[in-house]
Amino acid sequence: GTPTFMEALAANGTTNIQTSVTGVTGSKRRFIDDRRDQPFDKRLRFSVRQTESAYRYRDIVVRKQDGFTHILLSTKSSENNSLNPEVMKEVQSALNTAAADDSKLVLFSAVGSIFCCGLDFIYFIRRLTDDRKKESTKMAEAIRNFVNTFIQFKKPIIVAVNGPAIGLGASILPLCDVVWANEKAWFQTPYTTFGQSPDGCSSLTFPRIMGLAS
C-alpha cells in the first residue's frame with residue numbers, strides 16, 4: 001500500500017494530479033511542484049465530493065484506501081476550513097472509525113489552498129446567548145473532546161499541510177506523528193491578539209519542540 005499512500009499524500013486531496021512516486025525525497029519535490037499556483041476553487045471541493053461519493057459527512061471527505069484512511073477538511077458549515085463543533089464531531093467520528101477498522105494509519109489534509117484557520121470564532125460568538133456560562137462550558141467541552149481524540153488515537157497520524165494553519169489548526173499538529181508541509185504552508189497562533197488561552201496542549205508541546213525561548 002505504500003505507493004498508493006505516497007500518491008495520496010502528494011496529491012493532498014486533489015483529483016487531477018497524477019504522481020509517480022519512487023522515493024520520499026523525490027515525492028516531496030513533486031508534491032511542492034504539483035501544488036504550486038493552485039488557488040482554492042470551489043469546484044475542487046465539489047469534484048472531490050462527487051468522486052468519493054462522500055455524502056455521509058458534510059464538512060469532511062473520507063477516503064478508505066489501501067491500508068490507510070484519508071481524512072480531508074472540506075467545510076461547508078464554516079469558512080476556510082475553520083473548526084466549529086459540527087466539523088470537530090465529524091473529524092472525531094472519522095478518527096474513531098479508523099481506530100476500529102483495519103487502517104494502519106490516518107492521512108489528514110484539506111481540500112483547497114487553506115489547511116485550517118482554527119476555531120470558528122464567529123460561530124462561537126453567535127452561540128453566546130443570555131446563558132453565556134452554559135454555552136462557554138459546551139464550547140470548551142467540544143474543543144477538549146476534539147483534542148483528546150488526537151491524543152488518544154493509537155495509530156499513526158500523518159498530516160499534509162497545504163496552506164495556512166492558524167490557532168487550533170496549528171496547535172494540534174504536535175499531537176500527530178508526522179507533519180509534511182509544502183512551500184505555501186505557514187503557521188500562526190494569535191492567542192495574545194484574541195485574548196485567548198493557548199489551545200491544543202500547545203503550552204506544553206511547543207516549548208518541547210521549539211525550545212522554551214521560542
Side-chain angles (χ1 to χ4, degrees), residues 9 12-13 57 59-62 69-75 77-99 105-125 127-128 135-182 184-214:
L9 181 59
N12 191 19
Y57 296 104
D59 292 300
I60 64 174
V61 175
V62 178
T69 297
H70 190 177
I71 302 174
L72 303 97
L73 286 174
S74 177
T75 59
S77 63
S78 69
E79 293 292 328
N80 298 323
N81 290 334
S82 297
L83 301 170
N84 59 39
E86 284 74 17
V87 179
M88 291 188 281
K89 284 179 182 177
E90 289 196 350
V91 173
Q92 287 175 250
S93 174
L95 285 173
N96 289 334
T97 300
L105 55 84
V106 164
L107 172 61
F108 188 54
S109 62
V111 174
S113 58
I114 296 174
F115 175 67
C116 179
C117 280
L119 293 174
D120 186 351
F121 287 113
I122 295 177
Y123 174 94
F124 286 115
I125 290 171
R127 296 288 295 181
L128 287 177
E135 290 295 333
S136 297
T137 301
K138 288 171 61 178
M139 294 174 191
E141 189 65 24
I143 298 168
R144 184 181 298 110
N145 290 337
F146 177 73
V147 172
N148 280 338
T149 302
F150 281 84
I151 294 173
Q152 296 167 2
F153 193 77
K154 295 182 179 181
K155 299 177 183 179
I157 301 178
I158 315 299
V159 187
V161 183
N162 58 306
I166 303 172
L168 187 58
S171 63
I172 61 170
L173 298 179
L175 305 179
C176 304
D177 298 278
V178 176
V179 178
W180 195 348
N182 75 358
K184 293 186 178 180
W186 52 272
F187 309 88
Q188 187 177 30
T189 50
Y191 299 127
T192 53
T193 302
F194 297 140
Q196 180 190 2
S197 299
D199 53 21
C201 304
S202 56
S203 58
L204 173 69
T205 58
F206 282 8
R208 287 189 174 186
I209 294 171
M210 296 181 282
L212 206 55
S214 297

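Within the 4.5 Å cutoff, no side-chain heavy atoms of Phe108 are placed close to those of Cys116. Taking 4.5 Å as the limit, some side-chain heavy atom of Phe146 sits within range of a side-chain heavy atom of Ile172. In this structure, the side chains of Ser82 and Tyr123 stay at 4.5 Å or more apart for every pair of heavy atoms. Tyr57 is listed as a side-chain neighbour of Ser93, based on a closest heavy-atom distance under 4.5 Å. When side chains are defined from C-beta on, Leu168 counts as touching Val147, because their heavy atoms get closer than 4.5 Å. Residues Thr149 and Val91 fail the side-chain proximity criterion, which asks for heavy atoms closer than 4.5 Å. Residues Ser77 and Asn84 are in side-chain contact: their nearest non-hydrogen atoms beyond the backbone lie under 4.5 Å apart. At a threshold of 4.5 Å between non-hydrogen side-chain atoms, the residues Trp186 and Ile166 count as touching.
Atom OG in Ser171 sits 8.0 Å away from atom CG in Leu119 (nearest 0.5 Å). Note that the CG atom of Leu107 and the CD1 atom of Ile158 stand 7.5 Å from one another [nearest 0.5 Å].
In terms of heavy-atom proximity, Ile157 sits nearest to Asp177 at N-OD2, 2.8 Å. The two atoms that bring Val159 and Cys176 nearest to each other are CG2-SG, 3.5 Å, heavy atoms only. Cys201 approaches Leu175 most closely through the heavy-atom pair CB-CD2, 4.4 Å. For the pair Ala165 and Phe115, the tightest heavy-atom approach, listed with the atom from each and the gap, is CB-CD2, 3.8 Å. Between Phe124 and Met139, the shortest heavy-atom contact is O-CE, 3.0 Å. The two residues Val106 and Phe153 have their closest heavy-atom pair at CG2-CZ, 3.6 Å.
Glu86 and Lys89 are not joined by a salt bridge, as no carboxylate oxygen comes within less than 4.0 angstrom of a charged side-chain nitrogen.
Heavy atoms from other residues, nucleotides or ligands lying under 6.0 Å from CD1 of Ile151 number more than 12. Applying the 6.0 Å contact sphere to CD1 of Ile122 captures no more than 12 heavy atoms from other residues, nucleotides or ligands. Heavy-atom neighbours of Gln188 CD from other residues, nucleotides or ligands within 6.0 Å: above the threshold of 12.
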